[in-house]
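None of the values given here were measured: they were computed from a predicted structure.
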Amino acid sequence: MLNSGKYLVVITGPTAVGKTAVAIQLAKIWNSEIISADSRQFYSEMTIGTAKPDQHQLDEVKHHFIGQLSIHDYYNVSRFETEALELLDKLFEKHNLVFMVGGSGLYIDAVCRGIDDFPDPEPEYRNYLKGIYIDEGLAKLQEMLVKLDPEYYATVDINNPNRLLRALEVCHVTGKKFSDQRLNSSKKRGFQIIKIGLNLPRPELFSRIGLRVDQMIENKLVEEVKSLLPFRHLNALNTVGYKEIFEYLDSKITLEQAIINIKTSTRRYAKRQLTWFHRTDEYKWFEPSQLNEITNYLTMVCK
RNA sequence: GGUGUCGUAGCUCAGUUGGUAGAGCAACGGACUGAAAAUCCGUGUGUCACUGGUUCAAUUCCAGUCGACACCA
């Protein structure tokens with residue numbers, strides 16, 4: 001049943017552009033709620049380094065998917081797709097517009113167009129593959145994949161260990177070729193989707209990134225990271241702002257250098273986000289200050 | 001003041017037995033369906049400090065100038 005009066009408004013853009021503030025303003029205007037699509041703000045232990053909305057902002061508008069996980073939990077895009085869709089069903093009972101805000105392009109796409117169904121990975125087998133990668137190198141993984149799934153091998157980036165590992169893992173768990181199951185099809189959703197991108201001229205964005213990193217340090221980022229030191233091997237902590245402070249805590253670099261490195265990594269991350277968002281021309285782009293224009297646009301589009 | 005070493009990409013440096021130069025990092029561009037703030041790929045952007053000399057040809061050799069550092073006074 002297609003519910004044409006329901007709209008998911010996606011608000012995205014590079015890190016530090018000012019998505020949170022805009023989303024809160026819009027959600028207040030429509031008296032609605034916010035689904036976060038930020039793969040690092042999920043974790044309750046990571047607050048300062050992920051620039052989560054502060055308590056005041058969280059009190060203004062109901063947010064979902066902020067701090068609902070522990071860094072010790074296993075999570076992935078597919079689960080996010082399922083959980084976000086379940087939640088959207090509920091939210092659309094009360095709201096015509098629901099806002100999804102975040103910078104994790106893959107997670108946004110999973111909600112908007114879906115992701116193919118695969119069984120959950122087996123941790124033991126994943127570790128086994130990782131062991132092979134470490135002991136025998138990339139070439140061994142390539143050799144394994146070309147035998148199991150030559151079609152995928154021909155199209156995949158064979159220098160990217162993550163891609164190879166993933167494909168091998170799926171072949172093993174399902175007993176079928178990865179390429180036969182990777183349909184890359186678009187699923188129909190029971191709501192309309194409106195995509196808004198926020199961006200700023202590069203120098204302005206970069207200066208905001210610098211300021212925000214300085215602010216994180218003032219807000220005691222180092223303390224937060226220090227408390228997570230025992231868990232540094234966890235995937236959640238393979239994150240900009242945390243990696244660099246770990247190096248500082250290891251006395252490999254000075255704090256000053258760590259701060260410079262965080263700014264650099266964040267700029268590069270912002271660029272990667274933009275590359276992802278520009279894959280499609282589905283986004284209508286605004287500057288974060290154009291709240292009136294965005295509001296008018298939404299009013300016009302959401303009938 | 002004297003002697004020595006150095007001055008090459010945004011940064012750290014390599015190199016050319018004389019034929020106008022290349023690595024890492026940064027920067028810039030891109031890919032990406034269960035790790036995605038992850039992971040991976042591509043691109044060299046240059047008055048080789050300056051001025052003169054030798055030479056067919058100088059970033060390279062020689063002299064001077066300037067600058068940095070070290071040591072000696």
Looking at the side chain of A:Thr264, which of B:A38, B:G34, B:A27 is the nearest nucleotide?
-> B:A27
Could you state the CG-C1' distance from A:Asp120 to B:A35, rounded to the nearest angstrom?
-> 13 Å
Does A:Arg163 put a side-chain nitrogen or oxygen below 4.0 Å from OP1 or OP2 of B:A38?
-> no
Residue-phosphate contact under 4.0 Å: A:Asn235 side-chain N/O, B:U39 OP1/OP2 = no
Less than 3.5 Å apart, which donor and acceptor atoms pair up between the side chains of residues 91-105 of chain A and the rest of the protein, not counting sequence neighbours?
| from | atom 1 | to | atom 2 | distance (Å) |
| --- | --- | --- | --- | --- |
| A:His95 | ND1 | A:Asn31 | O | 3.2 |
| A:His95 | NE2 | A:Glu33 | OE2 | 3.4 |
| A:Asn96 | OD1 | A:Lys6 | NZ | 3.1 |
| A:Ser104 | OG | A:Ser39 | N | 2.9 |

Atom pair distance, as rounded to whole Å: OH in A:Tyr152 and C1' in B:C40 = 12 Å
Do the side-chain N or O atoms of A:Arg202 get closer than 4.0 angstrom to the phosphate oxygens (OP1, OP2) of B:G29?
-> yes
In terms of side-chain heavy atoms, does A:Glu45 have a donor or acceptor partner in A:Ser70 at a distance below 3.5 Å?
-> yes
Out of B:A38, B:C40, B:A26, whichever nucleotide has its closest atom nearest the side chain of A:Asn238 | B:A38
Glycosidic conformation of B:G34, taking syn as within 90° of 0 and anti otherwise = syn
Nearest-Å distance once atom C1' is located in both B:C13 and B:U59 | 16 Å
CG of A:Asp281: more than 12 outside heavy atoms within 6.0 angstrom?
-> no
Could you check how far CG of A:Asn76 sits from C1' of B:A38, rounded to whole Å?
-> 14 Å
Intra- and interstrand pairs of RNA chain B - dot-bracket, Watson-Crick/G-U under 3.5 Å, | marks other strand = (((((((..((((.....[..)))).(((((.......))))).....(((((..]....)))))))))))).
